[in-house]
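One structure below.
Source: prediction; values computed, not measured.
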Amino acid sequence: MKREYFGMLFILGCAVFVLLAFETFGEEKVQNILSRFIVIWILIGFYVGQYSMRFPKRF
């Protein structure tokens, strides 16, 4: 798997997760959770980016 594909799948997965959370729990509750744990979301994105660097870059 290439790094670009891994990053794209991660972004799509997060978008689907947030949209499903909005539909399930309501927009206000999800926004409170997302804003309360923003540092954790940033750290998750950072570590996923570091993990995706393990994949070789092919042209």
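- No more than 12 heavy atoms of other residues, nucleotides or ligands sit less than 6.0 Å from atom CZ of Phe25.
- Contacts of Glu23 classified as side chain to side chain donor-acceptor pair (under 3.5 Å), with partners at least two apart in sequence or in another chain: none.
- One distance of note links CG of Asn32 with CD of Glu27; it measures 11.0 Å at 0.5 Å rounding.
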TODO: Evaluate the side chain to side chain contact (heavy atoms under 4.5 Å, CB included) criterion for residues Phe10 and Ile44: first the C-alpha distance (whole Å), next the side-chain angles of each, then the deciding distance (0.1 Å), finally the verdict.
DONE: CA-CA 11 Å; Phe10 177 74; Ile44 289 171; 4.1 Å; yes
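- Grouped by direct or indirect side-chain proximity (heavy atoms under 4.5 Å, Ile/Leu/Val/Met/Phe/Trp/Tyr only), Leu19 sits alone.
- Between the side chain of Thr24 and the backbone N or O of Ala21, no donor-acceptor pair lies under 3.5 Å.
- Taking the side-chain contact (heavy atoms from CB on, under 4.5 Å) definition, one finds that Phe37 meets it with Ile33, Ile40, Trp41, sequence neighbours left out.
- Shown here are the side-chain contact (heavy atoms from CB on, under 4.5 Å) partners of Leu20, two or more places apart in sequence or in another chain: Val16.
- The side-chain contact (heavy atoms from CB on, under 4.5 Å) check on Ile42 picks up Ile38, with sequence neighbours excluded.
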